[in-house]
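To start, the structure itself, in structure tokens.
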Amino acid sequence: ADTGSDAPGIAVFLSTSANSYEQAQADGVKAAAKKLGGGKVQVFDGGFDSTKQIGQIQDAVTSGRFKAFVIEPIDGAAVAAPLSRAADQDIAVVCITSACGPDTTKIDLQFPGQAGVVGSDYQKTAAAMAQHAVDACADVDPCKVFYLNGDSTFPSDRLAKDAFAAAMKAAPANVDYVGSQDGKYDTATGRSVMESELQRNADIAVLVSLADQQTLGAAQAIDGAGRTGKIKIISFGGSKQAVEKVASGEWLGAQLTMPFSIGQTGAEIAIKTAQGKAPEHKAVDATTLAPVEGGLLTANDASGFEAQWTS
Amino acid sequence: MTTPTLPAPRSLALARDYGVVLSAVGLFIALAIASAPFRTGTNQLNLLDQWSTIGIIACGSTICIVAGGFDLSVDAIFALSGVLAAWLAVHLGDPTLALLVGMLSGLVLGVFNGLLVTVGRINPFVATIASSVVFLGIAQLITRGSVLSVAGQGFSRLGLQRFGDLTLPAVVFVVFAVLTAVLLARTVVGRRLYAVGGNYEAARYSGIAVNRVQVFAYAVSGLSASIAGVLAASRNSSASADIRTDLAFQAITAVVIGGVSIYGGAGTIPRALVGVLILALIGNGFNLLAVDPAYQQVLLGIIIVLAVAVDAWARRTQK
Amino acid sequence: MTTPTLPAPRSLALARDYGVVLSAVGLFIALAIASAPFRTGTNQLNLLDQWSTIGIIACGSTICIVAGGFDLSVDAIFALSGVLAAWLAVHLGDPTLALLVGMLSGLVLGVFNGLLVTVGRINPFVATIASSVVFLGIAQLITRGSVLSVAGQGFSRLGLQRFGDLTLPAVVFVVFAVLTAVLLARTVVGRRLYAVGGNYEAARYSGIAVNRVQVFAYAVSGLSASIAGVLAASRNSSASADIRTDLAFQAITAVVIGGVSIYGGAGTIPRALVGVLILALIGNGFNLLAVDPAYQQVLLGIIIVLAVAVDAWARRTQK
Amino acid sequence: MAKHFGGAVALHGIDLTIEQGEVHCLVGENGAGKSTLGKVIAGVHRPDAGQLILRGEPVDFRSPRASIAAGIAFIAQELAIVPDRSVIENVFLGQAGRALDLVPRRRLRAKYDALAAKAGFDVDPAAPAGSLRLADQQKVEILRSLARDADLIIMDEPTASLAGSDADQLLRIIDDLRSEGRTVVFVTHFLADALAVADRITVLKDGRLVRSSPADGETADGLVESMLGRSLGSMFPDRLDSPPVTADPALEVTGLSRDGEFHDVDLKVRRGEVVGIAGLVGAGRTELVETLVGLRRPRAGNVTVAGHSGPFRSPRHAQQAGLVMVPESRKDHGLVLGRTVRENVTLPHLASVSRLSFVSKARQTDVLGELLPQVGLDPARIDSLVGELSGGNQQKVMFARWLLERPTALIADEPTRGVDVGARAGLYELLRSVADEGAGVLIVSSDNEELVGLADRVLVMRTGRVVGELVGDEIDEDHLLQLMFAEEAREESA
Ligand SMILES: Nc1ncnc2c1ncn2[C@@H]1O[C@H](COP(=O)(O)OP(=O)(O)OP(=O)(O)O)[C@@H](O)[C@H]1O
Ligand SMILES: Nc1ncnc2c1ncn2[C@@H]1O[C@H](COP(=O)(O)OP(=O)(O)OP(=O)(O)O)[C@@H](O)[C@H]1O
Ligand SMILES: O[C@@H]1[C@H](O)[C@H](O)CO[C@H]1O
Ligand SMILES: [Mg+2]
Ligand SMILES: [Mg+2]
């Protein structure tokens, strides 16, 4: 072991490491560490298991090798206590993608000693997507809108769904919200749910989906039903595939998430705090990291945009 | 090891099938009445297509379970075979070869499982959990956490192929189901699978190559997962090591709902497929009837209990 | 007449334990050499605390598995009991009562499982999958998908309580382990649990109330999950119906690594705990030694196979 | 009392009185309904019709638990032990006590010692019951029934796996029970035992009661005639006039040893010959024959079957060489209980009943239609699950399996365990005809009468060694016992 590796570095806690969204977050952290001299970066894979993630936090504290934590919480409420103990040990803790603490809907500092947070508010995201749907419906009457939620057993997704429904209630009369089903972040599930939905409502005009993976499946179903081009698709994610579909005009728009930028921004806050410098902002709304207005990427700006992950 | 409880008589075995079939038919009729779209041919074909993955794997799992095995690694084989096919397609440039190798990779992985269980004498549960961790790890080492996308028609042709209204995965499912059903019910190997699962020692004393038979069962199980995995990768033109699906769990649930004994030695492919059908009908019904996801869970549980209880009841009244 | 008593059986059973223990001790020594932080008392206490949830549930699962049962609903009971406690704390305003009711709720849910399996004669696998879907559904109906946060010290006191360096969950784990170990090894009902799981018919012929014993086993399993669930809810001051943990799976894996037979009738609490220890050491080692997650999976699988293979080998050479 | 299982009627309305304090024997062919009757009394099965009256009171047992509470103990024909638990636990299985009480281990140990001493059994109380040989497992079951202190004890073929002296010991125990005023129902195929110990004997046939009368008036021949509906001439086929010393050996074993089990065994079975192996339980006979067919690896020695030389690596290799074995324990090693007669019998011969790997149903039906009656099984039961057959008929299924293709050498370990007298005569006939057709037959038996009647030559084993050989007219029970015990007697006198 060279002496450099013993210098305190950064621990990144991901909910899982087996997908490219997560990898992009880690890469963002590594980029920031390189730029700001944050030291060595070690990645912890939580395997979507909150208990496991809490253990990793404790172990990382015990190992004494880290001056900064960047964490994507699996259960934001549950990690607050162990993270606060880490902060007691002078570790700079930043939560990314979603917030840590009792109220995960708010992008702010929620436990003692927290250094920062970079995340998005699902309610706001869903409301924004609902607005895109209303815009897409402008000259269609009646305009049937179907919402493919992520996984309604996740609190965040449940909030998104309710916020979407609330926004639909307030929408103009031509907008006909036909309901919501779960795509479970899975291509095959997205496909089968959409197939069934098209059985019920063949004349859907707008599909809004909370995750690119499931949107890809839904698009296959739309293709299979011969409805390509007749249904406007708006998907949350901004992955490489989504950007391609938007560029080709197949999908109407992609609500962007920027995992690399999220990781990078979070790490910058953490490193600066650890170095005793004051970061510019402590709480950052991740939507503002997207290079387009409101975070919605459309065919106009798709060609110049480079996606940060693949779905 | 528990002594198997006294097997039910013949007529009873019939009634047992009848029990689950009853549940399935009941569900089918209920849905046909409640939902007009359910009755369309398109919907039935969609169902076949949607459940082809679970269906194929359920057939493989049935073979394995009948032989007294248990394969929890099908998720991992599903992922690894897809990743392998995609990686080969990208790096060899021969999509057909890549698909073929991917599809057959499950055979090798299954044999590996079989050897752990037979030669290594490791409990099937532990062995296939451990091997699935290894398989997934390999898949992750290949993908390095990202998604492998394969450009070009050659790779995706397979998964998107259609025969009239039937998708290729649906056709593969039907063919695989028929083959495994015949294998189990009519062939020499089928007999051996039942014997080994029914009483391992008696099979050994009767001159059956018990280890070889069990390895064969794991190989079929692995093959089913890699066929399904490659079909999915082809259809999506991409593959990743990220599995959030719960194929092993769903397949085993379906198989057991169908009345296949997890203790081995009993059960048939048609029964397992009735189990798949029940899960398919429930899911389809939820979607078509737009059941609030909040209630879906509770309903799903209750329907499964009822379906299986009808089965248990049919079995008992026959006595 | 002289019966030449072979000494084999006794020492055999010992050697079997010895096999897994060997693996655990080997891991422990390897880690102690490789990592200085591993050797700290804090780390050992952290481990105890971190694995208290899995540990408590593994004890319950062992009881259930020994009795020939299988409980996949512990995840759901874990979630539902936490939600129930949080909801009651918010709506009754009496946190102590809420915690108590939550902790005991698993008993009732476990009895429900037990009745499905015994009176309903539904296969344990299907029954507890179905019931867990129902339990989770109920938890979701209570929370309506959101997180229930409980304000005030009263509710969180329990989970955050410390006795010197020990957290309350760690203490509960130790106490629960001792109680279940004594229950299984020394009491009348312990004997009955082994009998029912070891040979159901023999137990029935011997006048054991087999159904009652199995219901009891599911109740203990449920109780373990609700104790763990309420401790977690209390510690987090909140609960939700969102389970992304895989407690049942992990607990059963640990138990089986420890050498408890999934077919029932054999295994002890200490053995199950050795299984938990092995998993704990592997995870801890990965974290402390900064093993690249890309390789962790493959390593984890290999270590599990080795640990269990040492066990199988110890058993064989003794024969 | 009436009971049917699906289509099969096991009991057609039987009226039977069992007097307080008597030893009541039930005899009858395999499948006559003896076990079913026992199980109804023990609360295992509920009758379809009929009334059980216990000490004048009508009772309705819904479970064995209820019958145990009423003072009834039951030993099932198919042993019911918990294999991974100790002997002592098995003996006191299900005994009273509140759930959370600690097990009074010292007290149970004392109780066990007293019980074992009284019964005259010597079984290691700490050994896992599953590791015991069958005979000792049977003793565990007997001790369990004694431990219950029951008024009525039902024993379903308890001596089937007990050899001579142990079986005699059990008869003494039954006598003691009677003198304590307890009632014993004793199911057996050993008519001599029945006549020796019973006060009353009841004959069942096809689920009906033939007669129930005092034992004094009964004779073995009379019982056989009522059981079978015909008289049985000689039990045993004629022995060979002279040993076929010139015939080719079917099976030849030289210098075979396995540490701690048997040593330096030489043995030869010629074509046309029936050779027996006698010995006390624990003599190492089962280990020896299991080694011959490749279930165990010998440390040294050779096994040759008509030109194929072993030792064989597995039963499959032995079978390919023409050597097969009917094992001792049908439940553990013999049968797949959850599958049909058809499947169990054809299991090792699938190639010969299939075309291109597809099993031919017609071909199986043809072959079995001819074979099953030869072993005394009804061909109509070809598709019955083996687990539904009576114990004796299960034994016949194992024979049918190894006679479908005639082997060069056939080994049978305790071949007639649980088989009724009629069928037993049939099996003897069959074994002789297998030999006559040119095979070598090797029989391990703890039933000396069987060896005396059937074998052309008998080897006697003691503690892992062949200690003697008897040929032709030398074979009688006295000689056998002398050889089996000789050394032991000498040791004791020393
Ligand atoms: N559980 C069962 N299911 C179906 N048939 C059964 C069952 N138990 C017994 N039978 C049938 O009932 C009949 C009587 O069987 P039983 O076991 O009472 O005979 P048995 O007189 O004890 O014979 P054996 O001497 O061979 O033990 C047989 O035809 C048998 O096949
Ligand atoms: N004390 C013991 N502990 C465990 N297994 C034993 C013990 N004694 C004997 N056995 C096993 O029991 C079986 C029967 O023993 P063995 O072959 O010595 O008896 P045998 O001469 O064949 O007599 P029988 O077949 O009449 O019981 C063998 O498999 C042997 O390994
Ligand atoms: O004999 C072989 C092996 O037993 C294997 O299980 C599969 O095919 C059979 O033919
Ligand atoms: Mg009987
Ligand atoms: Mg023997």
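Every heavy atom of this structure was used, including side-chain atoms; hydrogens, water molecules and symmetry mates were not. Convention: sequence-line order gives letters A, B, ...; per-chain numbering from 1.
With a 4.5 Å cut-off on non-hydrogen atoms, Leu299(C) does not touch chain B at all. For Ile302(C), the parts lying near chain B are the backbone and the side chain together; criterion is any non-hydrogen pair under 4.5 Å. Looking at Leu116(C), the atoms closer than 4.5 Å to chain B (heavy atoms on both sides) all sit in the side chain, from C-beta outward. Residue Phe135(C) does not touch chain B at all, counting heavy-atom pairs closer than 4.5 Å. Looking at Ile129(C), only its side chain comes within 4.5 Å of chain B, counting heavy atoms on both sides.
Chain C forms the most heavy-atom pairs under 4.5 Å with one residue out of Ile304(B), Val256(B), Leu72(B), and that residue is Val256(B). When the candidates Ile138(B), Ile303(B), Ile252(B) are compared by the number of heavy-atom contacts under 4.5 Å with chain C, Ile252(B) comes out ahead.
With rounding to the nearest 0.5 Å, the separation of CD in Gln140(B) from CG in Leu80(B) is 11.0 Å. Considering CG of Leu247(C) and CG of Asp75(C), their distance stands at 4.5 Å, rounded to 0.5 Å. Atom-to-atom distance recorded for Leu84(B):CG and Ile77(B):CD1 is 12.0 Å, nearest 0.5 angstrom.
Here the side chain of Gln296(C) pairs a donor or acceptor atom with the backbone of Val291(C) at under 3.5 angstrom.
Minimum interatomic distance between Thr62(C) and Ala58(C) (heavy atoms only, all atoms of both residues): OG1-O, 2.7 Å. Nearest heavy atom pair, residue Arg204(B) against residue Val210(B), reads N-CG1, 3.7 Å.
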